[in-house]
Amino acid sequence: MGTNVVPADAGSDRGVYDSLEALRSLLIEGERIEACAIQRRIFALKHRRIMVGATTGRLIIVQRGLFGGFQPIDLRWQDLREATLSVGIFGATLRVSAYRSADLAIAEGPPTMITINGLRKLEAQEVYRACQTREQAWREKRRIRELEELRAKAGGIQVGALGGALGGAALGAGDHSPTSRLARAKEMLDGGLLTDAEFEQVKAKILAEL
């Protein structure tokens, strides 16, 4: 992450300071801010400026009310689907797509979309980098989880991990025929749940049992 976790003018701009304090008040024990971005004043003529904070556990969006208080929106990193950043002349726009929380990865509902316009460019880039890092980490975790859930649902699929990451997959000897097991593996390959190398390992395992 960048070195400027807190906006440089948080000590001189009361609006930035109050937004930052609102963000800090939402942190739980052990949670810390990794990056945050404040909306430029020109984009907040009819409301108080929005602040976006990337923490160690979630993405928090805070908008203070005109007459006090604030309204937060927070997204857990495991629910993050995609984050995009558009940088223009006057500010940056951060768009975040998040899954609706569910117990099973393969049963997640349609994503919800959030757009924050007019963020300071450099600060927004730091928040975006934090989002990208978390998104990539959870994408791999979700892929492994989906494989495990498919194994539990369909039976006969066993996932192995090497060095903390998915290193291969094999089909165990169940009640299913080799043909159906191979077809299941091909479906997983087509669905992006298996890499080409993993599929070849699965196929070799099945053919070796014939």
Side-chain angles (χ1 to χ4, degrees), residues 1-102 105 108 111-143 145 164-165:
M1 301 303 164
T3 56
N4 298 323
V5 174
V6 175
D9 58 347
S12 58
D13 188 316
R14 183 59 189 233
V16 175
Y17 174 82
D18 289 343
S19 295
L20 183 60
E21 286 302 295
L23 176 62
R24 285 171 169 164
S25 72
L26 297 170
L27 301 180
I28 61 175
E29 185 177 356
E31 185 178 20
R32 60 180 177 80
I33 299 173
E34 295 184 331
C36 61
I38 189 76
Q39 194 174 43
R40 294 192 62 203
R41 197 184 304 274
I42 192 174
F43 287 86
L45 299 177
K46 297 182 179 180
H47 60 81
R48 295 189 184 275
R49 285 180 285 176
I50 298 172
M51 175 169 278
V52 183
T55 77
T56 49
R58 53 191 165 148
L59 184 71
I60 305 176
I61 302 159
V62 174
Q63 181 172 355
R64 295 164 49 234
L66 289 173
F67 304 102
F70 59 89
Q71 180 179 355
I73 300 174
D74 65 271
L75 303 171
R76 302 180 306 168
W77 290 126
Q78 54 262 50
D79 296 329
L80 180 65
R81 181 174 180 266
E82 184 180 23
T84 61
L85 183 70
S86 300
V87 179
I89 298 175
F90 300 107
T93 297
L94 180 68
R95 294 182 177 86
V96 178
S97 171
Y99 291 107
R100 300 185 186 277
S101 184
E108 288 165 332
T112 182
M113 296 291 298
I114 298 175
T115 301
I116 308 98
N117 297 311
L119 296 172
R120 292 173 177 172
K121 299 177 186 179
L122 294 180
E123 295 172 1
Q125 289 170 1
E126 290 294 324
V127 172
Y128 174 69
R129 277 192 281 269
C131 290
Q132 285 292 95
T133 299
R134 301 293 182 172
E135 177 191 337
Q136 291 173 9
W138 277 100
R139 185 187 299 124
E140 180 62 16
K141 291 179 182 178
R142 191 176 292 113
R143 189 172 80 93
R145 186 181 177 191

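Excluded from the calculations below are hydrogen atoms, water molecules and symmetry mates; all remaining heavy atoms, backbone and side chain alike, are included.
- By the 4.5 Å heavy-atom criterion applied to side chains, Ile60 and Ile33 are not counted as neighbours.
- Inter-residue side-chain proximity for Ile61 and Val96 is flagged as unmet; no heavy-atom pair is nearer than 4.5 Å.
- Contact record, Val127 with Ala54: CG1-CB, 4.4 Å, taken as the closest heavy-atom pair.
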Acceptor/donor pairs from residues 23-31 side chains to any protein atom, 3.5 angstrom cut, sequence neighbours excluded:
{"residue": "Arg24", "atom": "NH1", "partner": "Glu21", "partner atom": "OE2", "Å": "3.0"}
{"residue": "Ser25", "atom": "OG", "partner": "Ala22", "partner atom": "O", "Å": "2.6"}
{"residue": "Glu31", "atom": "OE1", "partner": "Ile28", "partner atom": "N", "Å": "3.0"}
{"residue": "Glu31", "atom": "OE1", "partner": "Arg58", "partner atom": "NE", "Å": "3.4"}
{"residue": "Glu31", "atom": "OE1", "partner": "Arg58", "partner atom": "NH2", "Å": "3.0"}
{"residue": "Glu31", "atom": "OE2", "partner": "Thr55", "partner atom": "OG1", "Å": "2.5"}
{"residue": "Glu31", "atom": "OE2", "partner": "Arg58", "partner atom": "NE", "Å": "2.8"}

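- Taken from SG in Cys36 to CG in Leu119, the straight-line distance is 10.5 Å, to the nearest 0.5 Å.
- Nearest heavy-atom pair, Arg64 versus Gly15, reported as atom, atom and distance to 0.1 Å: NH1-O, 3.6 Å.
- Partners of Arg48 according to the salt bridge (Lys or Arg N to Asp or Glu O under 4.0 Å) rule, which considers only residues two or more places apart in sequence or in another chain, do not exist here.
- Applying the salt bridge (Lys or Arg N to Asp or Glu O under 4.0 Å) test to Arg120 and every residue at least two apart in sequence or in another chain returns Asp9, Glu123.
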Can I get a per-line list of side-chain donor-acceptor pairs under 3.5 Å for residues 87-94, giving both atom names and the distance, sequence neighbours left out?
{"residue": "Thr93", "atom": "OG1", "partner": "Asn117", "partner atom": "OD1", "Å": "3.3"}

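- Counting non-hydrogen atoms of neighbouring residues, nucleotides and ligands closer than 6.0 angstrom, the CZ atom of Arg41 reaches no more than 12 such neighbours.
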Report the C-alpha distance between Arg49 and Val16 in whole Å, list the side-chain angles of each, state the deciding distance to 0.1 Å, and finish with yes or no for side chain to side chain contact (heavy atoms under 4.5 Å, CB included). CA-CA 8 Å; Arg49 285 180 285 176; Val16 175; 3.9 Å; yes
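- Residues satisfying the salt bridge (Lys or Arg N to Asp or Glu O under 4.0 Å) test with Arg95, not counting sequence neighbours, are none.
- Atom CZ of Phe43 is surrounded by more than 12 heavy atoms from other residues, nucleotides or ligands within 6.0 Å.
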Checking Leu80 against Gln132 for the side chain to side chain contact (heavy atoms under 4.5 Å, CB included) test, could you report, in this order, the C-alpha distance in whole Å, the side-chain angles of both residues, the deciding distance, and whether it holds? CA-CA 10 Å; Leu80 180 65; Gln132 285 292 95; over 6 Å; no
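- Rounded to the nearest 0.5 angstrom, Leu59 CG and Cys131 SG are separated by 4.5 Å.
- Distance CD/Glu135 to CZ/Arg139: 4.5 Å, rounded to 0.5 Å.
- Partners of Gln63 under the side-chain contact (heavy atoms from CB on, under 4.5 Å) rule, at least two apart in sequence or in another chain, are His47, Ile50.
- Of the inter-residue distances, the one linking Tyr17 atom OH with Ile38 atom CD1 reads 14.0 Å to the nearest 0.5 angstrom.
- Shown here are the salt bridge (Lys or Arg N to Asp or Glu O under 4.0 Å) partners of Arg14, two or more places apart in sequence or in another chain: Asp18.
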